[in-house]
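Working notes, structure below.
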2 protein chains.
Amino acid sequence: MKEAVTLKQIAEKLGISVTAVSKALKDYPDISKKTKKLVRKTAKELNYKPNTFAVNLRTKESKTIGLIIPVIVHHFFSNVIKGIIAQAEKKGYLVIILQSNESYELEKKQLDLLMSQRVDGIIISLANGTSNFSHLNDIIAQEKPLVMFDKIAKVVKCSKVIIDDRKAAYMATQHLIDTGCKRIAHFRGSLLPQNSIDRFLGYKKALEDNNMVFDPALVYLCECGDMSFEEGQNNAKKLLNDHNDVDGIFINTDLVAIGAMTEFNKQGIKIPDDISIVGFSNWFMASVISPSLTTIDQPGYQMGKAAFKQLFKEIKAAKKNKTVEPEVITLDTALVKRDSTK
Amino acid sequence: MKEAVTLKQIAEKLGISVTAVSKALKDYPDISKKTKKLVRKTAKELNYKPNTFAVNLRTKESKTIGLIIPVIVHHFFSNVIKGIIAQAEKKGYLVIILQSNESYELEKKQLDLLMSQRVDGIIISLANGTSNFSHLNDIIAQEKPLVMFDKIAKVVKCSKVIIDDRKAAYMATQHLIDTGCKRIAHFRGSLLPQNSIDRFLGYKKALEDNNMVFDPALVYLCECGDMSFEEGQNNAKKLLNDHNDVDGIFINTDLVAIGAMTEFNKQGIKIPDDISIVGFSNWFMASVISPSLTTIDQPGYQMGKAAFKQLFKEIKAAKKNKTVEPEVITLDTALVKRDSTK
DNA sequence: CTGAAAGCGCTTACAG
DNA sequence: CTGAAAGCGCTTACAG
């Protein structure tokens, strides 16, 4: 690798001090215009780039943040990533991305890695496997800015960017009820993540508020752990076997919903005539399959932006040794009505 | 933010020199076992983490690489990202990701940003808007390891990880011919990227080798610039209007193919009876829609892994001031036969 | 086996 | 307006 140009080289070339060069480039008021002009010209000619390693060491900040995400290959998360990166770039921050693969052990290791790297702050969406939060509390104890989004832990005292999963699920279920469904099933995710729990609770509450019987047998867990297309197919098969009186399903994730719809289509079950379906997330495929899928719009890009904005606020505060009260930012969701419901 | 523990603090606590502490932690042979044990114990107790900023400044490497990608929210690219991150993590490298949004200007700026950040190497897939390559040649001139993948520039002298687009497109087209198609159209991407060109050439060659007429009117450009679902719908509509004798289409990308299929389904055109379709990339939705889509499998995850491996090789060589002959790594593709062809 | 010292490339308080 | 000097936290050649 070629050796990079340093302040010293510019200083020697111009016969002035390193101090003067440094100050000139940073536009300090106590440097003459003439010197500034000269220094800038020379720096440009030599293609001078400040050595970030040295700058970081002095300023104790890296202008870099870390992002830990359960899975990258996922429309919602890749939208969040895009939002975070876009916002970070605006503020001159770079983003290091790690994937926890839904594993608690990996998540812990990666958090450690980011701390070693001395990123200025961390944004994280928890792995499904995470039920112990001491690794997160450690970060907070070290006063490193930390923002959680989507898959959060309510008990951890840091800022969070979420949607109101319970309310959204309530809306989805209410829509099924409003369009005439009498017996409504729910495909929920795995047991742990807070948002699966909240969506389940929203579903249950909607039934209760409408004086409908809540039947635990109609709640299908995601056994394999990842919310996949196959999961939707399998649950749809089981449902047809065990409860063919069901006329509506609220499904945790569009991908699973599409899996289920594929199975229903295959078996000649008519959507929405025989069964109405509401998904969750508003993946673009939802508008595209046949019939198009009624779903809850989950604003991934906005969540990414909001998460970085909050982190940035906290990084600035931390620089001044101020602490910020953790904020919970709840973004709006909307029901997108399409053809999978009446 | 809490102040981090330094070597000096450990040294003072133990009443030995900073040098001894540093060497003990790095397991230098000239330190007594007793001292090493003591130092390690203390470091652990104090939760010592080396200050990367200082280490980077001394060692002149950051153990960080940069990745510039046209779009993140895209199944192929997010798979590549996953492959790169996984492989990088194995070797102790972190990955900074930037999105060029298919813009040449942004790509240039971001390359500059990564150079300023002094990443150890860069992996890039070019924006569609990039037709001038001086920003890439600058990187190479500075002897910074650089690997391109998928959307590459043939004239830039650096290592590349690609598939044989021409061969794959040939395979796809040959399959249409073998299954009885007589008049075969092609939906190609935008004009510029090398892989659109190569896929087009493969298509053309297959026709010629089979003594079929190549009709430029049957080649549909992607006007809007992004290869989208709507693009597929629009081109399908046009095709039905202008050339309803076409009985096979080779489509540049699965997403576009699925758009086209949706349009054909809507208009009552039977796939594959009226029109056979072959896509490109083997997005998981290809196996899931109805009818399932015959396509070319493009190994994104593998490409990511291979790209990092090559970059790692070049980073190691650069450290020893050796130069590496650029390598072109071509990964295998395969035709995945499904129900959209006979 | 141990440690004093130089140096990586910056920034900035201080003196002039 | 300018510059000498200290220091950020490491690593490592060198001396003992």
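Lettering of chains follows the sequences in order, A, B, ..., and the numbering in each one begins at 1.
Side-chain N/O atoms of A/Ser32 include one lying less than 4.0 angstrom from OP1 or OP2 on D/dT2. Residue A/Ser22 has a polar side-chain atom (N or O) positioned under 4.0 Å from OP1 or OP2 of C/dT11. Dashed line: the shortest gap from a side-chain N or O of A/Lys26 to OP1 or OP2 of C/dC10 is not under 4.0 Å. Contact check, A/Thr35 against D/dC1: no side-chain N or O comes under 4.0 Å of OP1 or OP2. Distances shown here put a side-chain N or O of B/Lys60 below 4.0 Å from the OP1 or OP2 atom of C/dG9. Distances shown here put every side-chain N or O of B/Thr59 at or beyond 4.0 Å from the OP1 or OP2 atom of D/dC10. Checking the phosphate oxygens (OP1, OP2) of D/dC10, a side-chain nitrogen or oxygen of B/Tyr48 falls inside 4.0 Å.
A/Tyr28 comes within 4.0 angstrom of sugar-phosphate atoms only, judged by non-hydrogen atoms across all strands, and of no base.
Taking the six-membered ring where tryptophan is involved, the planes of A/Phe76 and A/Phe149 are tilted, since the angle between them lies from 30° to 60°.
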Kindly give the atom pairs (protein nitrogen or oxygen, nucleotide nitrogen or oxygen) under 3.5 Å for nucleotides 13-16 of chain C.
none

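As a whole-Å value, the separation of B/Leu7 CG from D/dG7 P is 18 Å. One interatomic measurement links the two molecules: CG of A/Asn51 to P of C/dC10, which rounds to 5 Å at whole-angstrom precision. Between B/Lys49 atom NZ and D/dC8 atom C1' the separation is 20 Å, expressed in whole Å. A/Arg118 places its CZ atom 14 Å from the P atom of D/dC8, with the value rounded to the nearest Å. Separating the CG atom of B/Asp27 from the C1' atom of D/dT11 is a distance of 16 Å, rounded to the nearest angstrom. Across the protein-nucleic acid pair, B/Asn56 atom CG and C/dC8 atom P stand 16 Å apart, rounded to whole Å. To the nearest angstrom, P of D/dG3 lies 8 Å from CD1 of A/Ile31. Following rounding to the nearest Å, A/Lys319 (NZ) and C/dT11 (P) show an atom-to-atom distance of 14 Å.
Between B/Lys41 and B/Glu45 a salt bridge is recorded (basic side-chain N to carboxylate O distance below 4.0 Å). Look at B/Asp112 and A/Lys49 and you find a salt bridge, because one of the NZ, NE, NH1 or NH2 atoms lies within 4.0 Å of a carboxylate O, short of that distance.
Exactly one of A/Lys319, A/Arg118, A/Lys144 qualifies for a salt bridge (Lys or Arg N to Asp or Glu O under 4.0 Å) with A/Glu61. That residue is A/Lys319.
Checked against D/dA4, C/dG3, C/dC8, the side chain of B/Leu57 finds its nearest nucleotide in C/dC8.
Other residues, nucleotides and ligands contribute over 12 non-hydrogen atoms within 6.0 Å of the NZ atom of B/Lys63. When the shell of 6.0 Å around NZ of A/Lys36 is examined, it contains more than 12 heavy atoms from other residues, nucleotides or ligands.
Side-chain atoms of A/Glu314 and A/Ser159 include a donor-acceptor pair closer than 3.5 Å.
The NZ atom of B/Lys322 sits 10.0 Å away from the NZ atom of B/Lys316 when rounded to the nearest 0.5 Å.
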Problem set entry | Chi angles and distances behind the side chain to side chain donor-acceptor pair (under 3.5 Å) call for A/Ser134, A/Asn132 | CA-CA 6 Å; A/Ser134 57; A/Asn132 174 338; 3.1 Å; yes
Exercise. Which string of ( ) [ ] | and . matches DNA chain C, if you list each base 5' to 3' and count Watson-Crick or G-U pairs only when both distances are under 3.5 Å?
Worked result: |||.||||||||.|||
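You won't find any donor-acceptor pair under 3.5 Å spanning the side chain of B/Arg58 and the base of D/dG9, going by distance alone.
Residues in residues 148-160 of chain B take part in these salt bridge (Lys or Arg N to Asp or Glu O under 4.0 Å) pairs, two or more places apart or across chains: B/Glu102-B/Lys151, B/Lys154-B/Asp198.
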